[in-house]
Chemist: 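Here it is, the structure in full.
Values below: every heavy atom of this structure, side chains too, minus hydrogens, waters and symmetry copies.
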Amino acid sequence: MRKEYRTIKEVVGPLMLVEQVEGVKYNELVKISQSCSDELRLGRVLEVDGDKALVQLFAPSRGLKISEAKAAFTGKAIELKVSHDMLGRVFDGMGNPIDGGAEILPEKSLDINGSPLNPVARDYPNEFIQTGVSAIDGLNTLVRGQKLPVFSASGLPHADLAAQIARQAKVKNTDDKFAVVFAAMGITYEESEFFTEDFRRTGAIDRTVMFLNLANDPAVERINTPRMAMTAAEYLAFECDMHVLVIMTDITNYAEALREISAARREVPGRRGYPGYLYTDLATIYERAGRIRGKKGSITLIPILTMPEDDKTHPIPDLTGYITEGQIILSRALYKKGLNPPIDVLPSLSRLKDKGIGNGKTRKDHADTMNQLFSAYARGKDAKELSSILGDAALSDVDRLYAQFAEEFEKKYINQSFTVDRTIEQTLDVGWELLKILPRSELKRIRDEYLDEFYGK
């Protein structure tokens with residue numbers, strides 16, 4: 001039985017204070033209506049203090065008359081109606097269909113905050129996911145069940161990279177079902193149309209569930225969007241036995257919404273004005289990814305964020321890096337050279353890459369060639385910098401070869417455009433072609449048996 005109260009005391013921005021309440025719980029869903037209007041507004045309980053409840057509205061409070069309004073506490077948290085029929089559909093940040101299709105006939109309704117997971121029940125990520133992007137597959141490999149964020153910057157093509165990964169990602173060497181859950185927060189209408197049309201044009205929409213929160217949508221709705229996405233992913237992974245890749249963009253917009261609401265609540269700010277619980281809040285989203293023992297499905301997470309002022313020490317990328325297992329970093333310098341995707345492989349890192357590569361997963365020579373490519377590219381960049389300062393004459397013959405290698409590596413390995421889908425075998429073969437620029441005596445990180453087979457005697 002719903003409890004209704006006409007004791008709304010105050011409304012300030014997205015916040016509403018209700019007095020003389022009983023039995024109200026944190027995160028409980030609230031429905032607000034008024035006699036002079038048929039409009040129904042939704043909110044959730046942010047705080048409970050004695051007989052007072054602070055409610056966060058999911059829609060603007062404009063036009064809400066305290067004297068005529070009543071708040072109905074539903075006794076349950078915000079839920080998402082889930083079904084296998086969600087695949088191929090587009091929803092707003094609150095889980096309502098916005099693609100013109102019919103309402104979802106739910107198999108069940110799930111709390112968007114998720115259920116507690118026993119850490120002991122987690123299984124270790126160890127299976128390769130092919131994204132079709134050489135800079136990721138070959139050097140910073142994504143593993144099923146991993147959390148691997150993309151650190152971008154304003155003006156860089158992270159949206160194109162997100163769409164490319166969503167289109168191309170697949171689990172190798174298995175017939176298991178694969179799905180993508182795509183969540184966009186605070187994006188423009190043009191970006192929304194780009195993602196929707198790209199997925200429909202390529203057919204990727206058939207295996208995708210999309211949640212779109214636009215920049216002009218309420219900031220409060222933005223807080224729920226990633227939780228809606230993770231709830232849909234948990235259902236598809238752990239109840240439908242699917243391998244699910246969750247892509248979220250842009251986590252920075254989410255954090256800004258969190259800061260806005262924190263300021264409205266007059267909380268004591270932390271670093272750069274963000275709430276002190278930003279780390280904990282991000283962890284409640286990120287840590288829902290992974291694998292569970294006894295379950296066939298899995299959730300792999302790629303959160304994308306733009307670093308304010310290109311600053312890796314900013315609280316959002318800094319805290320994200322502590323929670324996740326590595327990072328893919330986009331480079332403004334590579335983008336200016338016309339390279340796409342502009343992934344800077346040297347500062348990028350996948351902490352679980354060694355678990356997803358090798359014989360039976362990718363190819364037996366993967367680990368050795370990966371280490372050699374990293375080493376050669378780093379030395380080649382050093383040689384190019386030395387040449388720019390002292391001139392080409394200052395380089396030895398071997399250093400010139402390394403400088404040439406670095407140039408070709410960027411043109412042929414990193415640069416592949418946003419429409420090319422490379423298999424891991426093609427990526428490894430491109431690596432070997434580049435390594436042939438160097439003398440065999442320089443390839444000290446690769447075993448002789450692999451050199452004999454792939455480099456040639």
Side-chain angles (χ1 to χ4, degrees), residues 133 135-136 139-143 146-162 165 183-187 215 219 222-223 225-226 246-263 265 267-289 300-337 339-353 374 377-378 381-382 385 410 414:
V133 180
I136 297 176
L139 301 177
N140 295 287
T141 312
L142 179 65
V143 181
Q146 184 177 4
K147 305 179 288 292
L148 187 62
V150 174
F151 290 0
S152 183
S154 179
L156 296 186
H158 48 271
D160 299 88
L161 180 61
I165 293 173
M185 294 156 282
I187 62 171
R222 209 158 296 147
I223 302 299
T225 305
V246 181
I247 300 176
M248 294 182 179
T249 181
D250 179 342
I251 293 295
T252 300
N253 293 335
Y254 170 82
E256 295 289 350
L258 203 65
R259 179 166 67 173
E260 180 181 329
I261 292 163
S262 174
R265 294 171 64 181
E267 295 174 335
V268 177
R271 290 169 59 192
R272 302 208 187 184
Y274 292 94
Y277 51 80
L278 178 61
Y279 177 91
T280 306
D281 192 276
L282 290 174
T284 61
I285 298 172
Y286 297 155
E287 290 296 346
R288 292 171 70 175
T300 306
L301 176 61
I302 300 181
I304 299 173
L305 59 90
T306 49
M307 299 178 290
E309 301 172 4
D310 295 14
D311 182 11
K312 284 185 283 189
T313 66
H314 187 277
I316 304 170
D318 187 33
L319 297 178
T320 293
Y322 279 116
I323 303 167
T324 55
E325 294 107 13
Q327 68 279 330
I328 302 296
I329 297 179
L330 301 191
S331 163
R332 197 177 294 280
L334 292 178
Y335 182 59
K336 287 179 179 177
K337 288 183 179 181
L339 305 181
N340 285 311
I343 295 174
D344 194 349
V345 297
L346 294 181
S348 297
L349 170 67
S350 171
R351 293 190 180 96
L352 299 180
K353 62 187 175 186
F374 269 126
Y377 181 51
K381 286 191 73 175
D382 289 343
E385 288 179 13
E410 290 178 353
I414 295 176

Chemist: How many angstroms lie between OG in Ser331 and CG in Leu156, if you round to the nearest 0.5 Å?
Modeler: 8.0 Å
Chemist: Okay, side chain of Arg222, backbone of Ala215: is any donor-acceptor separation there less than 3.5 Å?
Modeler: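 Side chain of Arg222 to backbone of Ala215: a pair is present.
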Chemist: Any heavy-atom pair between the side chains of Thr320 and Leu305 that's under 4.5 Å?
Modeler: yes
Chemist: Do Pro157 and Pro342 make a side-chain contact, defined as non-hydrogen atoms from C-beta onward lying under 4.5 Å apart?
Modeler: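 In contact.
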Chemist: For Gly186 versus Asn253, what's the shortest heavy-atom pair and its separation?
Modeler: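 Nearest pair, atom of Gly186 first, then Asn253: O-ND2, 3.3 Å.
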Chemist: Quick one: do Tyr274 and His314 satisfy ring-ring contact (aromatic ring centres under 6.0 Å, His included)? Show the steps, please.
Modeler: CA-CA 11 Å; Tyr274 292 94; His314 187 277; 5.5 Å; yes
Chemist: Return the CZ to OG1 distance between Phe151 and Thr252, rounded to the nearest 0.5 Å.
Modeler: 9.5 Å
Chemist: Is it the case that the side chain of Thr249 and the backbone of Ala184 share a donor-acceptor pair, with hydrogens and angles ignored and the cut-off at 3.5 Å?
Modeler: no
Chemist: Between Asp318 and Arg272, does at least one N-O distance fall below 4.0 Å, as a salt bridge requires?
Modeler: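 No, Asp318 and Arg272 are not salt-bridged.
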Chemist: State, to 0.1 Å, how close Met248 and Pro226 come at their nearest heavy-atom pair, and which atoms those are.
Modeler: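 Heavy atoms only, the tightest pair is CE-O, 3.6 Å.
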Chemist: Taking the side chain as everything from C-beta on, heavy atoms only, tell me whether Ser262 gets closer than 4.5 Å to Tyr277.
Modeler: yes
Chemist: Report the distance from atom CD1 of Ile261 to atom CD of Glu267, rounding to the nearest 0.5 Å.
Modeler: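 So the gap between those two atoms works out to 10.0 Å.
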Chemist: Taking all non-hydrogen atoms of both residues into account, name the closest pair between Gly321 and Arg351 and its distance.
Modeler: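 For Gly321 and Arg351, the tightest heavy-atom pair comes out as O-NH1, 3.8 Å.
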Chemist: Does the pair Asp160 and Asn340 meet the rule for a side-chain contact (heavy atoms from CB on, under 4.5 Å), with working shown?
Modeler: CA-CA 9 Å; Asp160 299 88; Asn340 285 311; over 6 Å; no
Chemist: Nearest heavy-atom pair of Val345 and Phe374: which atoms, and what distance?
Modeler: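 Between these two residues, the closest heavy atoms are O-CE2, 3.3 Å.
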Chemist: Just do the side-chain contact (heavy atoms from CB on, under 4.5 Å) check on Leu282 and Ile251 with the steps written out, would you?
Modeler: CA-CA 9 Å; Leu282 290 174; Ile251 293 295; 4.0 Å; yes
Chemist: Do Tyr254 and Ile316 come within less than 4.5 Å of each other through their side chains, counting heavy atoms only?
Modeler: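 A side-chain contact under 4.5 Å is absent here.
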Chemist: Quick one: closest heavy-atom pair of Lys147 and Ala289, and the distance?
Modeler: CG-CB, 3.9 Å
Chemist: From Leu148 CG over to Ile165 CD1, what is the distance, rounded to the nearest 0.5 angstrom?
Modeler: 8.5 Å
Chemist: Is a side-chain N or O of Arg259 found less than 3.5 angstrom from the main chain of Leu278, in a donor-acceptor match?
Modeler: no
Chemist: CG/Leu334 to CD1/Ile414 distance, rounded to the nearest 0.5 angstrom?
Modeler: 5.5 Å
Chemist: Just by distance, do the side chain of Gln146 and the backbone of Glu325 share a donor-acceptor pair under 3.5 Å?
Modeler: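 Looks like yes, one N/O pair under 3.5 Å.
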Chemist: Would you list the pairs meeting salt bridge (Lys or Arg N to Asp or Glu O under 4.0 Å) in which at least one residue belongs to residues 339-348, sequence neighbours left out?
Modeler: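 Every candidate salt bridge (Lys or Arg N to Asp or Glu O under 4.0 Å) pair involving residues 339-348 fails, so no pair, neighbours aside, qualifies.
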Chemist: Looking only at non-hydrogen atoms, find the nearest pair between Ser348 and Ile329 and report the distance.
Modeler: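 Residues Ser348 and Ile329, closest heavy atoms: OG-N, 2.9 Å.
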Chemist: So do the side chains of Tyr286 and Val246 get within less than 4.5 Å of each other, counting heavy atoms only?
Modeler: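 Tyr286 does not reach Val246 side chain to side chain.
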Chemist: Taking side chain as C-beta onward, heavy atoms only, is Ile304 less than 4.5 Å from Leu161?
Modeler: no
Chemist: Do Ser154 and Thr306 make a side-chain contact, defined as non-hydrogen atoms from C-beta onward lying under 4.5 Å apart?
Modeler: no
Chemist: Decide yes or no for Ile343 and Leu330: does some side-chain heavy atom of the first lie under 4.5 Å from some side-chain heavy atom of the second?
Modeler: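 The answer is yes, as the side chains (C-beta and beyond) meet within the 4.5 Å cut-off.
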Chemist: Output the distance between atom OG1 (Thr324) and atom CG (Leu319), rounded to the nearest 0.5 Å.
Modeler: 10.5 Å
